[in-house]
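Contents: one structure, followed by commentary.
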Amino acid sequence: MLPQFVLDEFLGIPVDTLKENAVNGAWNLLLTTYFPISEGWTVDLAVLFKIEHKRMPAMFVELQPFHKLRGLDARDQVDVQMRNRLKQFSDTAPRTYNGLSAFGHMVRKYELRKAEGNRLLPPRYQGLWDLNLVTDEGGDRIVAIMEAVKNMMLNEGVCKCNFAAPVQ
């Protein structure tokens, strides 16, 4: 479950806001809470949030306003963009590289598995932004993803994050 102060940041954002960067602060708080600078992590926000550990890419998060989730074209464009970003980062990424696509608090997890011939998960049109991080289950899933990324980077193992169990 997410800490209450992080959850409050997300819950304070109106889901119908048209402000493009309305969720940036909440995501910054979430990511810097789980990837603290004091442990060697950096969270860099430019076009997206890029998380590194000791200058090695660990994960990235791309944000979109919640209201764009309703548009099929927007979701399709973001899906293609996420897959392309994973491929772009593949040369310098660890064996398993994670990307999160977020429409506000609704999240979809992507994973590039280099050991499996640069296999991209999930397959297109499966698990479409079904992780609602303001629910208990969604909060638990996002924490598990971030912990798996940290463990993978610290132990040089392969991330075994769960793509199943859509959140209602």
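Values in this document were obtained by computation on a predicted structure and should not be read as measured data.
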Could you measure the distance from the [atom1] atom of [X] to the [atom2] atom of [Y]? Nearest 0.5 Å is fine.
X      : Y      : atom1 : atom2 : result
Thr42  : His53  : OG1   : NE2   : 9.5 Å
Leu131 : Trp129 : CG    : CH2   : 12.5 Å
Met82  : Lys109 : CE    : NZ    : 10.0 Å
Glu62  : Phe49  : CD    : CZ    : 11.0 Å
Thr135 : Arg141 : OG1   : CZ    : 8.5 Å
Phe60  : Ile51  : CZ    : CD1   : 9.5 Å

Any non-hydrogen side-chain atom of [X] less than 4.5 Å from a side-chain atom of [Y]?
X      : Y      : result
Pro65  : Phe103 : no
Gln64  : Leu69  : no
Lys87  : Leu120 : yes
Val23  : Phe66  : no
Ile142 : Leu100 : yes

Between [X] and [Y], which heavy-atom pair has the shortest distance, and what is it?
X      : Y      : result
Tyr97  : Met59  : CE1-N, 3.5 Å
Pro57  : Glu52  : CA-CG, 4.0 Å
Leu133 : Leu2   : O-CD1, 3.3 Å
Met153 : Ala58  : CG-CB, 3.6 Å
Val78  : Ser101 : CG1-OG, 3.2 Å

(message) Could you see if Val80 belongs to whatever hydrophobic cluster contains Leu112? Use Ile, Leu, Val, Met, Phe, Trp, Tyr and a side-chain cutoff under 4.5 Å.
(response)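 Shared cluster, no.
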(message) Is there a path of hydrophobic side-chain contacts, each under 4.5 Å between heavy atoms of I/L/V/M/F/W/Y residues, joining Met1 to Val6?
(response)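 No: no chain of side-chain contacts under 4.5 Å links Val6 to Met1.
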(message) Walk me through whether Asp73 and Gln77 qualify under side chain to side chain donor-acceptor pair (under 3.5 Å).
(response) CA-CA 6 Å; Asp73 287 342; Gln77 288 172 3; 5.9 Å; no
(request) I would like to know whether Arg108 and Leu128 meet side-chain contact (heavy atoms from CB on, under 4.5 Å); could you show each step before the answer? (result) CA-CA 6 Å; Arg108 183 176 190 196; Leu128 299 176; 3.3 Å; yes
(request) Begin with the C-alpha distance, continue with both residues' side-chain angles, and end with the deciding distance and a verdict on side-chain contact (heavy atoms from CB on, under 4.5 Å) for Arg113 and Leu121. (result) CA-CA 8 Å; Arg113 296 182 180 174; Leu121 295 173; 3.2 Å; yes
For residues 25-39, please give each side-chain donor-acceptor pair under 3.5 Å, one per line with the distance, not counting sequence neighbours.
from  : atom 1 : to     : atom 2 : distance (Å)
Trp27 : NE1    : Gly104 : O      : 3.0
Thr32 : OG1    : Asn28  : O      : 2.7
Thr32 : OG1    : Leu29  : O      : 3.4
Thr33 : OG1    : Leu29  : O      : 2.6

(request) Tell me, with the steps shown, if Glu111 and Thr96 meet side-chain contact (heavy atoms from CB on, under 4.5 Å). (result) CA-CA 7 Å; Glu111 187 174 284; Thr96 301; 3.4 Å; yes
(message) Strictly below 4.0 Å, N to O, side chains only: are Asp79 and Arg75 in salt-bridge contact?
(response)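 Looking at Arg75 together with Asp79, the answer is no, because their closest N to O distance does not fall below 4.0 Å.
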(request) Please determine, by modelled atom types, if Asn151 and Glu147 share a side-chain donor-acceptor pair under 3.5 angstrom. (result)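 Short answer, no.
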(request) Just do the side-chain contact (heavy atoms from CB on, under 4.5 Å) check on His105 and Leu11 with the steps written out, would you? (result) CA-CA 9 Å; His105 60 275; Leu11 293 173; over 6 Å; no
